[in-house]
J.: 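Once you've had a glance at the structure underneath, I'll fire off some questions.
Along the sequence shown, residues carry numbers from 1. Every number for a ligand or one of its atoms is a count from 1 in the order of the listing. Predicted model only: the values in this text are computed from it and were never measured.
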Amino acid sequence: MRIATEGLSVRLGGVPVLHDVTATAAPGAVTALIGPNGSGKSTLMRALAGLLPHAGRISFDGGPRPADRVIGYMPQDIAVRPVLTVLEVVLLGRIGRIGYRVGEADMAAVASALEAVGMADRAGRLFGTLSGGQRQLVQLAQVLAREPAVILLDEPTSALDLRHALELLDLVRDETRRRGLTTIVTIHDLNAALRYADHAVVLRQGRIFATGAPASVIDAGMIAAVYGVEARLTAAADGLTTVAALRALPRGADALRGAP
Ligand SMILES: Nc1ncnc2c1ncn2[C@@H]1O[C@H](COP(=O)(O)OP(=O)(O)OP(=O)(O)O)[C@@H](O)[C@H]1O
């Protein structure tokens, strides 16, 4: 399902937060949404998830928003009742499909999602007793159990250690390819964006700064202009580029970043 925004603008509490955002995300591809704190990434995700009033257009395969169950949204701030078990939390992902009766297909989807994120052996644990990273994995399982066509993941690796973060991104990329999902993921780690994303959308102060292939939009000029950081990019023999952040540019260099 191709997602497109055209001239998307959002105000929060009367304050303009997103300005004239025009971007696309294709099926079967991971789109990385990147930009500094406060640049509008979560706001854009919430607008895509149908949770915010907005001006401009958001289209899904050229048409209106599909049924809620088609979109799996994992917010940055997790609000789950801690007294639910892991199994119950993941089953909630099926809520748009099950009506009042849980069927075999529902339980199979829940089991396969729990196995995919490596949490099947903790299915009976109370959610509130899990670590922050384990909660994040269960939240992803809830999104996968929904069997959506679109997944929107807002900083899904923020609580994960190095290995779990890589495993989650591997899983997300594999599921995206295998099921032809349209996946949008906000991510702060530019190296992960270079490695895992097929497409990148860079936000700065609520506006699109650049869109395109990650290797073409993530460069020293973008990192200086958007993040105010001097960086060195190194091309490795395997063709992957690695970003090393060297130093924060003096605040005065913020002028480089320009006004919104
Ligand atoms: N309810 C609100 N009322 C007014 N302004 C808001 C509200 N929620 C968010 N904002 C502002 O909107 C801007 C964008 O916030 P958003 O959370 O989308 O940024 P972000 O890029 O996701 O940041 P981060 O990387 O820190 O998660 C920020 O300046 C924030 O202060």
J.: Which ligand 1 atoms are under 4.0 Å away from a heavy-atom of Pro36?
T.: 21 (O)

J.: Counting from 1, what ligand 1 atoms have a heavy atom of Glu155 closer than 4.0 Å?
T.: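 With Glu155 as reference, the close atoms of ligand 1 come out as 25 (O), 27 (O).
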
J.: To the nearest 0.1 Å, how far is atom 26 (O) of ligand 1 from its closest protein heavy atom, and which atom is that?
T.: Asn37 ND2, 3.0 Å

J.: Taking atom types as modelled, find out whether Thr157 and Gln136 have a side-chain donor-acceptor pair closer than 3.5 angstrom.
T.: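 No, no side-chain donor-acceptor contact under 3.5 Å.
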
J.: Please say whether more than 12 non-hydrogen atoms of neighbouring residues, nucleotides or ligands are located less than 6.0 Å from CZ in Arg125.
T.: yes

J.: Calculate, to the nearest 0.5 Å, the distance between atoms CG and CG belonging to Asp20 and Leu8 respectively.
T.: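 Answer rounded to 0.5 Å: 9.0 Å.
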
J.: Please report which non-hydrogen protein atom sits nearest to atom 17 (O) of ligand 1, along with the residue it belongs to and the distance in Å to one decimal place.
T.: Ser42 CB, 3.7 Å

J.: Tell me whether Arg57 at atom CZ has more than 12 heavy atoms from other residues, nucleotides or ligands lying less than 6.0 Å away.
T.: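 Counting neighbours around CZ of Arg57, more than 12 heavy atoms of other residues, nucleotides or ligands fall under 6.0 Å, so yes.
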
J.: So is Arg135 actually on top of Phe127's ring, under 6.0 Å and inside 45° of the axis?
T.: yes

J.: Could you tell me which atoms of ligand 1, counted from 1 in the order shown, lie closer than 4.0 angstrom to a heavy atom of Gln76?
T.: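 Those of ligand 1 that fall under 4.0 Å from Gln76 are 27 (O).
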
J.: Going by distance alone, is a donor N or O of one side chain under 3.5 Å from an acceptor N or O of the other, for Glu115 and Ser112?
T.: no

J.: Run the numbers for me: atoms of ligand 1, each under 4.0 Å from some heavy atom of His188, listed by number.
T.: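 Under 4.0 Å from His188, ligand 1 has these atoms: 25 (O).
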
J.: Which atoms from ligand 1 have a heavy atom of Lys41 less than 4.0 Å away?
T.: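 Reading through ligand 1 atom by atom, the close ones are 18 (O), 19 (O), 20 (P), 21 (O), 22 (O), 23 (O), 24 (P), 25 (O).
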
J.: Under a 3.5 Å distance rule, please check whether Thr183 uses its side chain to pair with a backbone N or O of Thr176 as donor and acceptor.
T.: no

J.: Quiz question for you: does at least one protein heavy atom lie closer than 4.0 Å to atom 30 (C) of ligand 1?
T.: no

J.: Can you confirm, on distance only, whether ligand 1 has an N/O atom lying under 3.5 Å from any N/O atom belonging to Gly40?
T.: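 Min N/O separation from ligand 1 is below 3.5 Å for Gly40.
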
J.: Polar-atom distance check: Arg46 versus ligand 1, any N or O pair below 3.5 Å?
T.: no

J.: Could you find the nearest protein heavy atom to atom 23 (O) of ligand 1 and give me its residue, atom name and distance?
T.: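 Looking at atom 23 (O) of ligand 1, the protein heavy atom closest to it is Gly38 N, 2.8 Å.
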
J.: Starting from atom 11 (C) of ligand 1, find the nearest protein heavy-atom neighbour and note its residue, name and distance.
T.: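 Answer, as residue, atom name and distance: Val17 CG2, 4.0 Å.
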
J.: For Glu155 and Thr186, which I'm curious about, is there any donor-acceptor pair between the side chains at under 3.5 Å?
T.: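 Glu155 vs Thr186: no donor-acceptor pair found between side chains.
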
J.: Rounded to the nearest 0.5 Å, what's the gap from CG on Asp154 to OG on Ser42? Could you check?
T.: 3.5 Å

J.: Is Gly14 in contact with ligand 1, taking contact as a heavy-atom separation below 4.0 Å?
T.: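 Per 4.0 Å heavy-atom rule, Gly14 does not contact ligand 1.
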
J.: Heavy atom to atom 5 (N) of ligand 1, shortest distance: which of Leu12, Ile34, Thr43 holds it?
T.: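 The option holding the nearest heavy atom is Leu12.
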
